[in-house]
Amino acid sequence: MNYNFNKIEAKWQKYWAENQTFKASNSSEKPKYYVLDMFPYPSGAGLHVGHPLGYIASDIYARYKRHKGFNVLHPQGYDSFGLPAEQYAIQTGQHPAITTKDNIARYREQLDKIGFSFDWSREVRTSNPEYYKWTQWIFIQLFESWYDLEADKSRPVSELSAIFAAEGNTRVKAACDDDIEDFSAEAWNKFSSEEKQRILLKYRLTYLAETEVNWCPQLGTVLANDEIINGVSERGGYPVIRKKMTQWSMRISAFAERLLNGLEKLDWTDSLKESQRNWIGKSVGAIVEFPILSFPKGEEKAKPGYMTGGNNSHLLIEKAKENRKNPTEAEAALWSQLRNKQLDGYKFRQQHLIDDFIVDFVCLSKKLVIEVDGGIHKETKEYDEERTKILADSGFEVLRFKNEEVLGGIETVLEKISNNLAQLKDYSDQENESNIPPSGARGIKVFTTRPDTIFGVTFMTLAPEHDLVKEITTDAQREEVEAYIEATAKRSERERMADVKTISGAFTGAYAEHPFTKEPIPIWIGDYVLAGYGTGAVMAVPCGDQRDYDFAKHFEIPIKDIFENADISEEAHSGKEGTVIANSDFLSGLEYKEALQKAILKLEEIGAGYGKTNYRLRDAVFSRQRYWGEPFPVYYVNGLPQMIDVEYLPLHLPEVEKYLPTETGEPPLGNAKKWFWNRKLNKVVAPPLEGEGEDIFPLELNTMPGWAGSSWYLFRYMDAGNDEVFASEAALDYWENVDLYIGGSEHATGHLLYSRFWTKFLKDRGYLKVEEPFKKLINQGMILGTSAFGYYTYYSIINKFTKEVIVDRKLVFIPKEVYIETLAEGSDSLEKIIDRDVDINLKERIDKGELILGMPVNYTHIPVEFVNSSDELDVEAFKNWRPEFKDAEFVTEESGAYVVGREVEKMSKSKYNVVNPDDICEDFGADTLRMYEMFLGPIDQAKPWNTAGITGVHNFLKKLWKLYYSSPNPSEGGEQTFFVSEEKASADALKTLHKTIKKVTEDIENFSFNTSVSTFMICVNELSAQKCNSREVLEPLAVLIAPYAPHIAEELWSKLGHSESISTATYPEFEEQFLVESTKNYPISFNGKMRFTMELPMDMSKDEIEKTVMADERTQKQLDGRTPKKVIIVPGKIVNIVG
RNA sequence: GCCUUGGUGGCGGAAUUGGUAGACGCGCUGGAUUCAAAAUCCAGUUCUUUCGAGAGUGUGGGUUCGAUUCCCACCCAAGGUACCA
């Protein structure tokens, strides 16, 4: 019987499905093993042969582990929320749920044909409400958590509130927003509920924050970086700008150190771990604060808020204003005497901000602060002391009066003030008050990894988006700066990073003060500084940093050399090791490391900075302005987010008529007719009518990103149907985490980091016991397509005088060489071709110059299914494909065929190079497809698909089949029938078998599937040559190959007399004894080049080998009379003769 | 730009720890079988060659008795670069 793969494969696929052969149990005597593929997105195009590559590899491993006695969990499902379905919905109006369902059905059908051992009873889809209920639940858990930096773990927010109520927020160390104000327990307890919510939001692991996005006003939507091409949208070509938007963020940065350290224990490739390390980007350095030295004239009056810290000042200003409106009696009395330069002509300000403090009165020109105690603005004693200290540090004198003093005898108070004013140094001589930072030490914070080079700072650069830019820019520079900011807003972040050639920037006109030298440092803005990195500002050290160097050269900013023996005439000296600092005051003469330490110490000493570890990892934006994603279980009361109670989950995705943003630019959910939450009824309702708004609040309009559902799906598979919890404790305890994960390296920093983050979070909160989701990870490379190209000319002949068109764009396909030659050298060959095609009379008239011949050339993709393995085109099929090719002519080879050009590209519909796995299964069988995909090359590398090569693997399976179909007495002319001999196998056959067991097992453990396929081929070739038909060899061979070619293995297994599936048959054991060799075929090299080989006994000694080799006549011939200088002998390996 | 991976015959690729470069398969060439074709089987197939041999693993250097493998510099290609999944 012939190898009828279609019949065999259908039979066993049916058997597996009916018997639930691969259904995994959540309890078993056997050890567990969890094999997972990266979550597929079911695209509309269906699977092409590139997709199953990783699934085949994981399936082989899963099946191998079953043979090895493991209880294997090998599930599959769909990451079914995503942009493509939404795009399709926008274009066609078709609901994404419907297209997604269809696509999944198609995927499933295709997957089933390949014979995977998936446990389909556990299938999940992220877009199913039963699934996203738990994604929403996890979001709520994140919202209800904060990160305790001391315990280094996530804790419930209720515990944080308790801490605040007991001791305020000054002692707790938490991962939080930058703009946190200190408050006491008393203060906390007095805060309104809303105030508390606002503060807690700054601590939660998911929080609302302003983030920069790529906004396309015309499309009314946010675009991904790769949806932007040259600053305009890919769709439509509309302009895109950077815009700030309030969005949900995930505080992944709190986990940075754990994500970094956790890598060490993972069995991932070094390159992948390295990618994650770089992404997390830990750098140790210092925060340095440069006080802003100058403000433009008049500005300090108009804007009293030049404080340290961004949003703090805004809050303080509000408070100060309030204070001004409601003075105490004493304050009001004093102010009436101080205002309008009444006292000795000195100008006083009331309720003024200095640093982060509000003082009652201040005379800036004398740096004198007047405080009146005991009023309604009374602060705690602790706070007062701290404030006095900081004010003193900034050079302010503080004068305190009690309420009674002011009210009892204002004359005495005024006299005291007056005396003080007279004694104090006058700061107003330096150009008004503008040289004194009006509010004290407002500064620019920078993060630097090289505080040792601080004396080399000659300018500062801020990101153009930096909050301070608008405030510090002088009138003279304003126009230039604003134009620059506008220009930058048009460039994407990636563009800005990639483009190092164009140096651009603008001077703000402002200066900062060097913390040590007190020299003024000009403040520039430049787009090489990114707002999201560090503090969005750098201290530029042109002598030590190339980008600063280039910037300085370009704008002719001085470059200060602070290195010993470094040449900085051409480029910056960025080396660290062995660098000695010079020209740097107390750092001079110190080596890099010492200088670094000392610089940080000094900075801390003078209060201008402190050592800090910085991470490049930014908090992850979690909002998407899309329809087809998980809705947030969130509604808003007075703009503050509220979580829907867990018992009312899932919050279903609403129906909308249009999947586009609303006319007012809101996300697509804004189109939903019913998208409000009734807090009383706990359900989704229509917008409130007049008078019934009390319990009805708007729901969140954004949806979650693609990575929400895929960050935790591995745990859902452990207990997929559970509607009480995301997975039961028993299931989680049994399966723990994924033992082997296979997928593309493109997920290195996205999915793989986010799922590690969520796993750590869920562990902290006690929902999981594991710290990591994926123990071992293998990357799969992409399978590329081999595109086919046709080259053509479309020539026209026009009458020079009458302009009559005689031949209109006639299409002639030409050989590739002619095309290339025409482009490179000229059209000689092309003309010859056209001459043959053109009517003789016309040709004569062309030669006479009466007619003009135009013949442009071009190329086009040709569908690969029209091309055979010899690159010859099926001309008729191609002509019928599209009307424009109907009348095309073809210049053929001698054989009469038109030969296409070939090139390797990504497999894609638009390139007409997609190969469908269904077709391959139909023509060659799933077993052939599986083995061929593995045979193509190493699993982790990209390689082109070439269907022509598949016959080799197919023939191999036919040969394998024949080994078992070797009826000793086939009837004359009849087919071979199944036969295995029960006799002892030959020594050669056993050697072949055990050699194969050894190699294949090693390969499978090393995920070197391509070499194991080769090994099988060698094995079958050898056994065929040996005419081996003994059960002793063929039975273990069937098990050995079963993970790779399961259908044929099942068939042979049943023919061998087994009634159970082969899937759990015991894996054959390798035995060394069959491989023992007594001789070695030694390569004999001369100066490292192998010239001939010699068969010598394995146990021969070094001396004997040398003697034997030297005595050989071929050795003497090679040496040609010379005496060798040296003879190197590695027993069992080689002989090398030098000389 | 930065990070990661890779570069070996006409093609996919192999080569364990520095030890016979090109296993295995495709393609190609020749042969057997056949009226013929398909299928199958056998032999050959890195390049150059004056048939002695010589060269050769992206390029240029280095270490070594010996380098595809280790080191340095460079070139090229692919993936990622934070809203494609």
Side-chain angles (χ1 to χ4, degrees), chain A residues 38-41 43 79 81-84 87 213-214 221-227 247 269-272 274-275 277-279 281 493-501 528 532 547 616-626 705-707 710 744-751 753-754 779 781-782 784 786 869-870 902 904 906 932 935-938 940-953 955-956 958 999 1002 1006 1008 1010-1011 1013-1018 1021 1081-1093 1124-1128 1130 1132-1139:
Chain A
M38 277 189 195
F39 223 4
Y41 175 80
S43 83
D79 187 11
F81 273 133
L83 259 190
Q87 285 303 350
V213 294
N214 300 310
T221 186
V222 175
L223 299 176
N225 275 330
D226 56 55
E227 290 175 296
Q247 307 198 79
T269 58
D270 288 337
S271 66
L272 189 60
E274 192 60 22
S275 288
R277 280 191 200 105
N278 288 325
W279 190 263
E493 204 165 279
R494 196 179 307 169
E495 243 181 297
R496 282 166 62 176
M497 279 189 287
D499 184 7
V500 290
K501 282 180 207 121
Y528 76 102
R547 304 195 75 172
R616 201 178 73 101
L617 183 72
R618 320 203 276 252
D619 281 347
V621 180
F622 200 66
S623 298
R624 298 290 184 272
Q625 295 69 45
R626 315 280 187 200
W707 55 270
S710 60
S745 61
E746 66 273 19
H747 298 287
T749 49
H751 164 58
L753 211 52
Y754 297 136
N779 280 137
M782 207 184 302
L784 304 165
T786 312
S869 59
S870 307
R902 291 286 201 175
V904 172
K906 235 182 190 164
Y932 185 54
F935 183 65
L936 277 177
D940 56 343
Q941 270 163 46
K943 56 242 156 197
W945 176 269
N946 177 10
T947 305
I950 204 167
T951 53
V953 171
N955 282 341
F956 152 74
K958 281 203 258 182
K999 174 75 173 143
E1002 275 169 17
N1006 292 322
S1008 176
N1010 55 327
T1011 52
V1013 177
S1014 297
T1015 306
F1016 281 123
M1017 289 174 169
I1018 293 166
N1021 286 347
N1081 195 18
Y1082 276 94
I1084 314 299
S1085 318
F1086 293 81
N1087 296 320
K1089 278 263 168 209
M1090 200 278 290
R1091 296 302 169 191
F1092 58 90
T1093 59
K1125 284 194 197 122
K1126 207 172 174 185
V1127 180
I1128 286 152
V1130 184
K1133 283 260 161 87
I1134 54 111
V1135 176
N1136 189 17
I1137 299 165
V1138 187

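Here is the naming used below: chain letters follow the sequence lines, and residue numbers restart at 1 for every chain.
Under the 90° criterion around 0 for the glycosidic angle, B:G7 counts as anti.
Side-chain contact between A:Gln247 and A:Gln625: present, with at least one pair of heavy atoms (C-beta onward) separated by less than 4.5 Å. Looking only at side-chain heavy atoms (C-beta outward), A:His751 and A:Phe39 stay at 4.5 Å or farther from each other.
When both distances must be under 3.5 Å, the Watson-Crick or G-U wobble mate of B:G19 is B:C65. When Watson-Crick and G-U wobble pairs are counted only if both distances are under 3.5 Å, B:G1 pairs with B:U81. Figure legend. B:A73 is base-paired to B:U59; pairs are counted as Watson-Crick or G-U wobble with both atom distances under 3.5 Å. Remark: B:G27 base-pairs with B:U45; criterion is Watson-Crick or G-U wobble with both hydrogen-bond distances under 3.5 Å. In this structure, B:A38 forms no base pair with any nucleotide, since neither Watson-Crick nor G-U wobble geometry is met with both distances under 3.5 Å.
Taking the C1' atoms as reference points, B:C84 lies 49 Å from B:U40, given to the whole Å. Separating the P atom of B:G58 from that of B:A15 is a span of 16 Å, rounded to the nearest Å. Spacing of P atoms, B:U5 relative to B:A85, comes out at 26 Å, to the nearest Å. Remark: the separation of the P atoms in B:A32 and B:G18 is 50 Å, to the nearest Å. Rounded to a whole angstrom, the distance from the C1' atom of B:C24 to that of B:C70 is 28 Å.
A:Phe1016 and A:Phe956 have tilted rings, their planes meeting at an angle from 30° to 60° on a 0 to 90° scale. Note on ring orientation: taking the six-membered ring where Trp is involved, the planes of A:Trp707 and A:Phe622 are perpendicular (angle over 60°, cut-offs 30° and 60°).
The base of B:C83 sits within donor-acceptor range of the side chain of A:Gln247, with an N or O pair under 3.5 Å. Judged by atom type and distance alone, A:Asn1136 reaches the base of B:C65 through a side-chain donor-acceptor pair under 3.5 Å. For a distance-only test at 3.5 Å, the side chain of A:Arg626 qualifies as a donor-acceptor partner of the base of B:C83. Counting atom types as modelled, A:Glu227 pairs no side-chain N or O with a base atom of B:C83 as donor and acceptor under 3.5 Å.
Residue A:Arg277 contributes atom CZ, which lies 19 Å from atom C1' of B:U81 at whole-angstrom precision.
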